[in-house]
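Worksheet: the structure to be examined is printed underneath.
Position 1 is the first residue of the sequence, and the numbers go up from there.
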Amino acid sequence: MKTVSLLAVAALSIAALSASAQSQPAAQAAPAPQPIDARAVVAEVRRVIAERYVLPERRPALDAVLAEGLAAGRYDTRDPSALAERINADLERVGRDRHLGFSHNPQQAAIIAAAQDRAAPDPAGRERQVRAANHGVTELRLLPGNIRYMAYDGFMWMGPESAAALDTAMRFLAGGDAVIIDIRRNGGGSPDAVQYLVSHFMEADRPLVTFHMNGQPSPDRLSTLAELPAGRMVGKPLYVLTSGGTASAAEEFAGHVGGYRLGELIGETTAGAGFRNDLVAVPGGFVLSVSVGRAVLASTGRDWEAVGIVPTTPVPVAQALEHAQVRALRRLAAAAAPPERPRLEARATLLLAQLQPVATALPLSAYAGAFGERTISIENGRLALQRNGGPKLVMVPIGPNLFALEADATTRVQFVVSGDSASGFELIRGDGSRVSATRTP
């Protein structure tokens, strides 16, 4: 509402100015823009980078490119946006750092300056947001084959309260034969939440990550936790879904899973936002985003800045969940005994056929028709099986003349083909029983 009111006032002011201008002989000229002290702006940027930039070995190159731009007159302009663009271009070219950037944003600069002046900001608003998002756990779901799924959209942390929310989710996941954790929409958050979550899939006191912050000589190190109320799931089949939107702390979690081979990463390469950054207000309405921290994974000895975490199974993001289910079902089937094994294999086959359609030997119309008390018709481009006017059961091709029922992956329809059409079919149920049907003339 406040924004709307301000816009309305602005519109009224413009209208009043227009009316005033029409009643005067000549419109007054707009005030000239205030000159920009580019030297002072660049000096402040150089000072912050020299004191706080995360990679000391890269500071001289960043300082040199800014000094060169100043000496060459590249920053001589009265337009603050143009100045910001030129400084940012130089920082990008030399820094190759997705957290390092410079912009002209007076409103944001004022907010940052005000926040820096406040001694103790009120955390109540942030806590309300975390509770409203259920501490990042946005969905728990039971999938076929007793695969347990969790959508985790933010590594949010408020201490014991967030730990309790994760404990509930971990107890649910622990009841499954395989686990899928979806961080495709997870933009990061707290390293404490990463430590808490990943500890459930690792032994106690394993090294996780080292944080190098603000050039301090003594880095911070995190290891897996010794005590977990919900217990551990070491060795349970684990699948983590990733995307280009998986960033920062979420990438750290993916890095632990991939680096320690705790499970499979399925989806797309993550964002590559490995550094921690601070926003600094620079006089003149400018904002400098500067990388102040670097996280190094214990499993690989590397960070993921600008490169991201590469999935073990690259697939389109929209299909990552289904691909994870296929891989989980096949792994579970390989370890299962009859009669569970064929059921798991049938579900995996159906899911894969839905992801990667199988070509049929004949056009769908060649399979349609009446077969005794059963009828096969084409519904929205797919075959459907119906018995005596009952429900229409969608069929999914899994072979040239072989179909599975979408509602029951263990039931198959094997067509008998004569010439250019199906002369009959055999209905094969999951319990091994069979029913033959011949096309009705």
Side-chain angles (χ1 to χ4, degrees), residues 141-145 147 149 180 184 241 266-268 313-334 336 338-441:
R141 196 193 314 173
L142 176 62
L143 300 173
I147 300 169
Y149 167 89
I180 297 175
R184 287 176 292 181
L241 313 184
I266 299 180
E268 293 181 354
T313 305
V315 299
V317 169
Q319 299 177 354
L321 175 56
E322 290 76 14
H323 278 283
Q325 286 180 260
V326 170
R327 296 186 70 80
L329 288 166
R330 285 181 168 173
R331 179 172 175 178
L332 295 175
E340 189 61 23
R341 178 180 295 175
R343 286 200 289 266
L344 293 169
E345 291 174 342
R347 171 58 62 178
T349 299
L350 175 61
L351 265 176
L352 187 60
Q354 291 171 323
L355 285 170
Q356 302 170 357
V358 176
T360 56
L362 302 173
L364 294 186
S365 58
Y367 301 103
F371 297 82
E373 62 182 5
R374 292 175 172 84
T375 301
I376 293 179
S377 59
I378 299 177
E379 305 290 335
N380 298 320
R382 300 198 293 175
L383 293 184
L385 175 67
Q386 185 180 31
R387 180 182 180 185
N388 289 335
K392 294 183 177 181
L393 305 176
V394 174
M395 302 161 58
V396 178
I398 58 175
N401 293 304
L402 180 63
F403 292 74
L405 296 187
E406 191 173 60
D408 179 8
T410 62
T411 299
R412 307 293 173 84
V413 179
Q414 177 69 64
F415 283 95
V416 178
V417 173
S418 297
D420 57 0
S421 67
S423 59
F425 64 79
E426 188 173 35
L427 188 68
I428 308 168
R429 297 191 177 94
D431 60 6
S433 62
R434 296 169 180 258
V435 176
S436 296
T438 302
R439 181 184 289 276
T440 303

Using every non-hydrogen atom in the two residues, find where Val317 and Arg184 come nearest and quote the distance to one decimal.
O-NH1, 2.7 Å

Ignoring hydrogens and angles, tell me if any N or O in the side chain of Arg343 forms a donor-acceptor pair with the backbone of Thr410 under 3.5 Å.
no

Does Ile428 offer a backbone N or O that forms a donor-acceptor pair with the side chain of Arg434 under 3.5 Å?
no

Return the minimal non-hydrogen interatomic distance between Leu344 and Ala336, and the atom names on each side.
CD1-CB, 4.0 Å

Measure the CD-CG distance between Glu322 and Leu143 for me, rounded to the nearest 0.5 Å.
9.5 Å

What side-chain donor-acceptor pairs closer than 3.5 Å can you find for residues 362-371, not counting sequence neighbours?
from, atom 1, to, atom 2, distance (Å)
Tyr367, OH, Leu362, N, 3.2
Tyr367, OH, Pro400, O, 3.1
Tyr367, OH, Asn401, OD1, 2.7

Look up atom NE2 in His323 and atom CG in Leu241, then write down how far apart they are to the nearest 0.5 Å.
11.0 Å

Pro316 to Glu268 - nearest heavy-atom pair and separation:
CA-OE2, 4.2 Å

Rounded to the nearest 0.5 Å, how far does CD of Gln354 lie from CD of Glu406?
5.0 Å

Val396 versus Ala353, closest heavy-atom pair with distance:
CG1-CB, 4.0 Å

Quick one: are Lys392 and Leu385 in side-chain contact, heavy atoms under 4.5 Å?
no

side-chain contact (heavy atoms from CB on, under 4.5 Å) between Leu393 and Arg387, worked out:
CA-CA 9 Å; Leu393 305 176; Arg387 180 182 180 185; over 6 Å; no

side-chain contact (heavy atoms from CB on, under 4.5 Å), that's the test. Do Ile378 and Leu383 meet it? Break it down for me.
CA-CA 5 Å; Ile378 299 177; Leu383 293 184; 3.8 Å; yes

Report the C-alpha separation of Arg382 and Glu379 in whole Å, then their side-chain angles, then the decisive distance to 0.1 Å, and conclude whether the salt bridge (Lys or Arg N to Asp or Glu O under 4.0 Å) test is met.
CA-CA 5 Å; Arg382 300 198 293 175; Glu379 305 290 335; over 6 Å; no

Minimum side-chain heavy-atom gap Leu402-Val413 below 4.5 Å
no

Heavy-atom closest contact (Ala384 atom, Met395 atom, distance)
C-SD, 4.0 Å

Pairwise distance CD1(Ile180) to CZ(Arg327) - rounded to 0.5 angstrom:
11.5 Å

Backbone N/O of Ala333 and side chain of Arg341: donor-acceptor pair under 3.5 Å:
yes

If you draw a 6.0 Å radius around CG in Asn388, do more than 12 non-hydrogen atoms from other residues or ligands fall strictly inside?
yes

Ala404 to Ala409 - nearest heavy-atom pair and separation:
CB-O, 4.1 Å

Say you draw a straight line from CD of Gln386 to CD1 of Ile376; how long is it, rounded to the nearest 0.5 Å?
11.0 Å

So does Leu329 get a backbone contact from the side chain of Arg347, meaning a donor-acceptor N/O pair under 3.5 Å?
no

Got a second to check how far Phe415's CZ is from Thr360's OG1, nearest 0.5 Å?
10.0 Å

